[in-house]
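The structure under discussion appears below in the form of structure tokens.
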Amino acid sequence: MTLRRSRAAIALAGTALLATALAGCSTAASSAEGTGSPDDAAGYAVDSSTLVFGVVPDSVDTETNYQPLMDYIAQETGKTVEYHESTDYAALIEASIAGQIDVASFSGFTYVTATNNGAELTPISSITTAEGQEPGYFSQAIVPKGSDISSIDDMAGKKICFVDPSSTSGYLFPSYALLEAGIDPEKDITPVFAGKHDVSVQKVGEGTECEAGFAEDSEVAKSDAVEVIDEQMVPGAPIVESDTLPDDVKQQLKDILSDVTADDMVAAGIESADSEGFRAVFFQTTPVDDAYYDQIRDICEKTNATQCQA
């Protein structure tokens, strides 16, 4: 798909939720100031023996998919890794701003939004799912099998499934694609927020609540009830670390997470990394930096997306 430049302004659905979350976060952070904390907790979300691992709640298998990686981090650092799955993207952004996350796997849009609003995070790497693959994945436009909708142009006036207002492949890139087709995602369609990528695929496949929709390619590939009518390449989701961690811990996380394969994890004794399910979503990590996400910032500017803004 050839993207045409657009400066149309959209107000992303869910902005009120994020604004409320950020306001609450600021209040919590202010209340915490001056209360002091134990020396062994300085710089950590909990304490020096624990790393809190935050994730975007984007599919029903999220915890299962990340468990081998968390086990590997625990083994290599000697720390307990505590799983933190937020109720939605806005809650994960709030948690990162409040310093409640030590290391995390974000979406690109969530990372940009969080850092724009004060989260102190640095990208380490991005997960790839196949050998030789560059970081990145596809945001796919989908319709039920046999649908009369054959392109994004045909989505005007339809009920369209998105994932979450802060989802990169489930809302930001789809919104831009709609705008490029002359369709205002706030006015010209009926948006339905499914909450997770797999649920968006499911609802589109059923063809009742949603006549078309968007989701990331890994979840679309699991369904035989939908077909892909368009796709856009999205910068790979970052694994990030908190800038407040001690320097030696930050370096250790970079060392173990910048370039590690599933085979490396298995060789290190993480047997769960050899499962078919994990290997389907993880081949290796590839180093990325903050500049890698400038494409997302560019699309934020072109859509005037409220949630991108500080």
Side-chain angles (χ1 to χ4, degrees), residues 13-14 17 53-70 83-93 104-110 126-130 133 136-147 149 155 158-175 177 185 189-239 272 275-283:
L17 173 62
F53 188 94
V55 299
V56 170
D58 59 0
S59 83
V60 68
D61 297 321
T62 297
E63 184 170 5
T64 300
N65 290 345
Y66 282 110
Q67 191 61 54
L69 185 60
M70 292 189 292
Y83 180 71
H84 177 97
E85 180 176 333
S86 298
T87 54
D88 54 30
Y89 286 64
L92 183 60
I93 291 169
S105 181
F106 275 14
S107 72
F109 187 23
T110 307
S126 180
I127 295 171
T128 59
T129 59
Q133 183 185 67
Y137 58 103
F138 286 98
S139 169
Q140 295 185 324
I142 54 177
V143 296
K145 283 285 181 67
S147 173
I149 300 173
M155 290 187 180
K158 301 294 195 296
K159 295 178 290 184
I160 306 299
C161 253
F162 299 100
V163 176
D164 182 279
S166 292
S167 171
T168 312
S169 59
Y171 193 62
L172 180 64
F173 274 70
S175 294
I189 61 167
T190 300
V192 177
F193 289 98
K196 298 178 184 291
H197 287 272
D198 53 336
V199 179
S200 180
V201 175
Q202 176 188 338
K203 289 181 181 295
V204 172
E206 293 167 351
T208 52
E209 192 172 351
C210 299
E211 299 166 89
F214 298 88
E216 69 174 55
D217 53 357
S218 63
E219 293 298 332
V220 173
K222 298 176 184 178
S223 174
D224 59 5
V226 300
E227 56 185 287
V228 178
I229 60 170
D230 205 298
E231 63 183 16
Q232 300 175 84
M233 188 70 177
V234 177
I239 295 176
S272 58
S275 69
E276 182 178 348
F278 183 66
R279 286 187 179 273
V281 297
F282 186 102
F283 177 77

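The residues of the chain are indexed from 1 along the displayed sequence.
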For [Y], does its backbone N or O pair with a side-chain atom of [X] as donor and acceptor, under 3.5 Å?
| X | Y | result |
| --- | --- | --- |
| Ser105 | Ile239 | no |
| Tyr137 | Asp217 | no |
| Ser139 | Ser169 | yes |
| Ser86 | Tyr89 | no |
| Gln202 | Asp198 | no |
| Glu227 | Gly146 | yes |
| Ser147 | Val143 | no |
| Glu211 | Lys159 | yes |

Do [X] and [Y] touch side chain to side chain, with heavy atoms closer than 4.5 Å?
| X | Y | value |
| --- | --- | --- |
| Pro174 | Phe162 | yes |
| Phe53 | Leu69 | yes |
| Ser200 | Val163 | yes |
| Val201 | Ile142 | yes |
| Phe106 | Leu92 | yes |

Rounded distance [0.5 Å steps], [atom1] in [X] versus [atom2] in [Y]:
| X | Y | atom1 | atom2 | answer |
| --- | --- | --- | --- | --- |
| Glu231 | Phe214 | CD | CZ | 12.0 Å |
| Thr168 | Phe173 | OG1 | CZ | 7.0 Å |
| Glu219 | Lys196 | CD | NZ | 10.0 Å |
| Tyr66 | Phe282 | OH | CZ | 10.0 Å |
| Ile93 | Ser166 | CD1 | OG | 4.0 Å |
| Lys145 | Ser223 | NZ | OG | 7.5 Å |

Apply side chain to side chain contact (heavy atoms under 4.5 Å, CB included) to Gln232 and Phe138, showing your working. CA-CA 5 Å; Gln232 300 175 84; Phe138 286 98; 5.9 Å; no
If you look at every heavy atom in [X] and [Y], which pair is closest and at what distance?
| X | Y | answer |
| --- | --- | --- |
| Tyr171 | Asp164 | CB-O, 3.1 Å |
| Met155 | Ala212 | CE-CB, 3.9 Å |
| Ala237 | Ser126 | O-OG, 2.9 Å |
| His197 | Gly170 | CE1-N, 4.0 Å |
| Ala130 | Phe283 | N-CB, 3.5 Å |
| Ser167 | Phe109 | O-CD2, 3.7 Å |

Pair Glu216, Ser218 - check side chain to side chain donor-acceptor pair (under 3.5 Å), show working. CA-CA 6 Å; Glu216 69 174 55; Ser218 63; 2.5 Å; yes
Assess the residue pair Ile160 and Val192 against the criterion (side chain to side chain contact (heavy atoms under 4.5 Å, CB included)); give the C-alpha distance rounded to whole Å, side-chain angles, the decisive distance to 0.1 Å, and a yes or no. CA-CA 6 Å; Ile160 306 299; Val192 177; over 6 Å; no
Is any side-chain N of the basic residue among Glu206 and Lys203 closer than 4.0 Å to the acidic one's carboxylate O?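 Answer for the salt bridge query: no.
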